[in-house]
Amino acid sequence: MKEKINRYYAIVMFFTFLIICLCSPLMGDDWGNFINGSGGLLSSIGYAFSSYMSYEGRIVSRILINILTYNKFLWTIINPIIISLIYFLSLKIIPRKDKYITPTLIFLAFLFVDVEGFRQVYVWLAGNITYLMPMIMIFYLLYLNRNFDYVPTRNQKIILPILSFISSMFVENVSVVIVVCYFFYIIFYRIKYKKINKLLVVSCVFSIIGTLIMVLSPGNANRLSTYPEFDSLNILQKLIYNIPNFISFTFIRNSFLVLLITIGVLFVSKSMLKNKIFRYLTYLYITIVPCITLIYNYLKTFGISIKCLEIFLNGNNIYIMIFWVIYMLLSFYIILKYIIKTKNYLSLLLIIMGLISNGVMMIVPVWGGRTAYLTAICLSLAMVGIVNNMKFIKNDNKVILFSSSFVLAIMIIFLFAGYRKVYIENIKREDYINSQLAAGNDIIEINVLSERFLWNPNPWDPDGYLARTFKLYYNIPQNKKIEMKR
């Protein structure tokens with residue numbers, strides 16, 4: 001029965017993102033990547049190697065970006081398949097006794113990621129291919145080891161090392177998480193079975209080689225040199241510098257994750273904290289500011305902003321920073337005690353993966369919703385694996401099921417309406433551009449697309465890189481000026 005339910009939810013996930021992808025236009029860097037991909041496969045590979053030497057080491061993702069951006073219809077099918085497959089594997093690896101609430105909570109975790117992360121990972125092709133696609137390797141590995149008794153088949157002995165090598169050349173933080181995942185399983189199997197799983201060791205080595213090829217590329221060194229002030233800092237200074245980014249992109253922006261953490265802490269505190277005074281103080285501390293954060297972020301999702309609450313979302317404020325550091329330490333102290341007591345090793349691994357994914361970002365200068373996406377998903381799944389042990393979830397409480405399903409339905413309808421509007425606006429933009437070109441206008445007016453659902457869809461700087469690639473994509477002569485029209 002649960003298998004059928006898993007498939008039904010995965011099918012809903014597939015069609016949800018199929019509609020979103022169909023409605024989403026190319027945006028931002030996609031315009032230039034489309035031009036790079038127009039030369040065919042060999043040209044795309046050549047550009048990727050050139051980029052490896054000059055700008056970045058992410059050679060596999062760069063090849064796929066050029067190919068799939070030019071053939072967007074393929075991406076429109078592949079992306080929903082990947083998202084729904086990751087979701088389906090998540091349902092397979094998270095133990096549960098209920099039928100419906102856990103799949104609903106995980107579905108919500110996928111939809112209620114950071115708003116910026118949603119736009120960058122789900123609908124922006126460059127971000128989607130770079131940050132989402134290699135996650136297939138992680139969840140495939142988790143699936144294979146879901147019962148901690150992995151015995152490889154003959155085909156897997158060939159496929160797993162190859163996939164590990166390829167997946168490790170998409171993006172740095174995901175690659176490190178793949179390696180860490182392998183280390184966890186290698187150590188676990190050594191302790192539990194008193195032997196080494198040779199396939200996991202070989203695959204781990206392939207993953208490390210792929211990661212080193214990417215990280216040590218000349219292009220990576222060149223890219224870091226464009227941030228001379230950050231590059232001049234030592235490791236400790238970089239870590240301190242990025243604490244606000246870590247807090248903001250891990251907690252403040254990820255409201256649903258914070259909700260799950262808060263519920264999880266409240267659930268396990270009774271058995272983990274024997275001192276009543278400390279327990280009640282923990283209840284108070286763990287709920288006040290996170291609730292304000294939740295209210296603000298969810299209202300902002302629907303276009304409602306409350307200025308007086310913004311102080312609680314300022315990760316650069318020293319007091320807010322201290323609050324969230326204590327929140328993190330207190331929450332994970334209590335949760336880890338519970339995990340050790342219940343031997344919930346999967347949640348332990350997911351927490352390690354989530355924290356390391358954003359921890360890696362502490363030594364780089366560039367952050368974004370896309371860089372924290374894996375962290376949000378891993379920590380959310382870890383928390384679901386804990387809160388679904390609550391009695392009313394295990395019993396599929398009708399009130400909880402109806403409430404969560406209602407929120408899910410509203411969110412899907414909201415997304416459909418938003419991306420339908422985007423689709424209509426983009427059609428009008430393209431028609432208006434073509435009519436002006438046909439009329440021979442010297443200045444081409446560009447209708448502004450809503451940035452609530454898209455990442456960088458408007459070439460604001462008329463002389464910048466995006467404006468030049470925008471003109472190439474829409475066949476606008478470079479000597480013509482463009483102006484944004486609201």
With side-chain hydrogen bond (donor to acceptor under 3.5 Å, both in side chains) as the test, would you mind laying out the steps for D30 and T69 before giving the verdict? CA-CA 6 Å; D30 294 340; T69 305; 4.6 Å; no
Whether the N173 and S357 side chains hold a donor-acceptor pair (N or O, under 3.5 Å, no angle test) is what I'd like checked.
yes
* Asked: With side chains defined as the heavy atoms from C-beta onward, is the minimum distance between L132 and I86 less than 4.5 Å?
  -> yes
Practice item. Decide yes or no on side chain to side chain contact (heavy atoms under 4.5 Å, CB included) for R146 and L89, but give the supporting numbers first. Key: CA-CA 10 Å; R146 63 193 181 280; L89 292 175; over 6 Å; no
Taking every heavy atom of N388 against every heavy atom of G385, the minimum-distance pair comes out as OD1-O, 3.2 Å
| task | List the steps and the verdict of side chain to side chain contact (heavy atoms under 4.5 Å, CB included) for M53 and S217. | result | CA-CA 7 Å; M53 299 302 295; S217 71; over 6 Å; no
Item to complete: Could you please spell out the steps behind the side chain to side chain contact (heavy atoms under 4.5 Å, CB included) verdict for M133 and I78?
Response: CA-CA 10 Å; M133 282 194 176; I78 292 171; 3.9 Å; yes
Interatomic distance, CG@L381 vs OG1@T102, rounded to 0.5 Å, equals 10.5 Å
Main chain of N358, side chain of T375: is a donor-acceptor contact present, judged purely on distance under 3.5 Å?
yes
### Message
I'd like to know if the side chain of Q120 reaches the main chain of G127, judged simply by a donor and an acceptor atom lying under 3.5 Å from each other, with no hydrogens or angles considered.
### Response
no
How are the rings of F110 and Y87 set to each other: parallel, tilted or perpendicular (split at 30° and 60°)?
perpendicular
ask   = So, the side chain of T250 versus the backbone of I247: is there a donor-acceptor pair under 3.5 Å, distance only?
value = no
Checklist entry - Above 12 or not: heavy atoms from other molecules or residues under 6.0 Å from CG of L329? => result yes
Distance-only, no hydrogens or angles: does the N71 side chain make a donor-acceptor pair with backbone N or O of F73 under 3.5 Å? no
In S164, S168, S167, the residue satisfying side-chain hydrogen bond (donor to acceptor under 3.5 Å, both in side chains) with S207 is S168
Margin query: Given 3.5 Å as the limit, does a donor-acceptor pair link the side chain of T371 with the main chain of G368, or not?
Written below: yes
For N128 and W75, test the side chains for any donor-to-acceptor distance below 3.5 angstrom and give the result as yes or no. yes
Margin query: Can you tell me how the ring of Y280 sits relative to the ring of Y283, calling it parallel under 30°, perpendicular over 60° and tilted otherwise?
Written below: perpendicular
Exercise. Are the side chains of I252 and V258 in touch, meaning some heavy atoms are under 4.5 Å apart?
Worked result: no
Separation between CG (N254) and CG (L260), nearest 0.5 Å, reads 10.5 Å
Any donor-acceptor N/O pair, Q156 side chain to T153 backbone, under 3.5 Å = yes
- Task: Kindly say whether the aromatic ring centers of F453 and F414 come within a distance under 6.0 Å.
- Result: yes
For F170 and S175 the tightest heavy-atom approach is N-OG, 4.5 Å
So does F184 have more than 12 non-hydrogen atoms from other groups sitting under 6.0 Å from CZ?
-> yes
- Is a donor on one side and an acceptor on the other found under 3.5 Å between the side chain of N145 and the backbone of L141? yes
* Any side-chain heavy-atom pair of I94 and L346 under 4.5 Å -> yes
Q.
Under a plain distance cut-off of 3.5 Å, with no hydrogens placed, do N242 and W367 share a side-chain donor-acceptor pair?
A. yes
Say whether Y338 and N344, considering side chains only, have a donor N or O and an acceptor N or O under 3.5 Å apart. no
_Contact check, side chains of I213 and F165, non-hydrogen atoms, under 4.5 Å_ = yes
Heavy-atom nearest pair, A109 first then V113, reads O-CG1, 3.4 Å
Classify the angle between the aromatic ring planes of F402 and F406 as parallel (below 30°), tilted (30 to 60°) or perpendicular (above 60°). parallel
Nearest heavy-atom contact between C181 and M353 is SG-SD, 4.2 Å
Check: M328 and F246 side chains under 4.5 Å, non-hydrogen atoms:
yes
| message | Are the side chains of V407 and F256 in contact, using a 4.5 Å heavy-atom criterion? | response | no
Margin query: Donor-acceptor check, side chain of D98 to backbone of I101, threshold 3.5 angstrom: yes or no?
Written below: yes
inquiry  = When you compare the side chains of T104 and S404, does any donor N or O come within less than 3.5 Å of an acceptor on the partner?
reply    = no
Of all heavy-atom pairs linking F206 and P161, the shortest is CB-O, 3.6 Å
*How about I243 and M321: do any of their side-chain heavy atoms sit closer than 4.5 Å?*
yes
Closest non-hydrogen atoms of L18 and T76, given as atom of the first, atom of the second and distance, are CD1-O, 3.6 Å
Taking side chain as C-beta onward, heavy atoms only, is I59 less than 4.5 Å from M214?
-> no
How about Y52 and Y47: does a side-chain donor come under 3.5 Å of a side-chain acceptor? no
### Task
Return yes if a side-chain donor-acceptor contact under 3.5 Å exists between Y327 and T262, otherwise no.
yes
Self-check item: F88 atom CZ: more than 12 heavy-atom contacts under 6.0 Å
Solution: yes
Residue pairs passing the salt bridge (Lys or Arg N to Asp or Glu O under 4.0 Å) test with at least one member in residues 56-81, sequence neighbours excluded, are E56-R62, E56-R223, R58-E172
Ring pair (Phe, Tyr, Trp, His ring centres under 6.0 Å) test vs F188 passes for just one of Y345, Y182, Y193, namely Y345
Paired with L266, the side-chain contact (heavy atoms from CB on, under 4.5 Å) test is passed by just one of T287, I261, I334, V387, namely T287
query: Are any side-chain N or O atoms of Y131 and backbone N or O atoms of V174, one a donor and one an acceptor, separated by less than 3.5 Å?
result: no
Discussion item. Determine whether a donor-acceptor pair (N or O, by modelled atom type, separation under 3.5 Å) exists between the side chain of N197 and the backbone of L199.
Written reply: yes
Just say parallel, tilted or perpendicular for the rings of Y241 and F230, cut-offs at 30° and 60°.
perpendicular
Residues passing the salt bridge (charged side-chain N to carboxylate O under 4.0 Å, His left out) test with K157, sequence neighbours excluded, are none
From the list F249, W124, F118, Y122, ring pair (Phe, Tyr, Trp, His ring centres under 6.0 Å) with Y373 holds only for Y122
Practice problem: Would you sort out whether Y140 and L160 count as a side chain to side chain contact (heavy atoms under 4.5 Å, CB included), showing the intermediate values? | Solution: CA-CA 9 Å; Y140 180 55; L160 200 60; 3.9 Å; yes
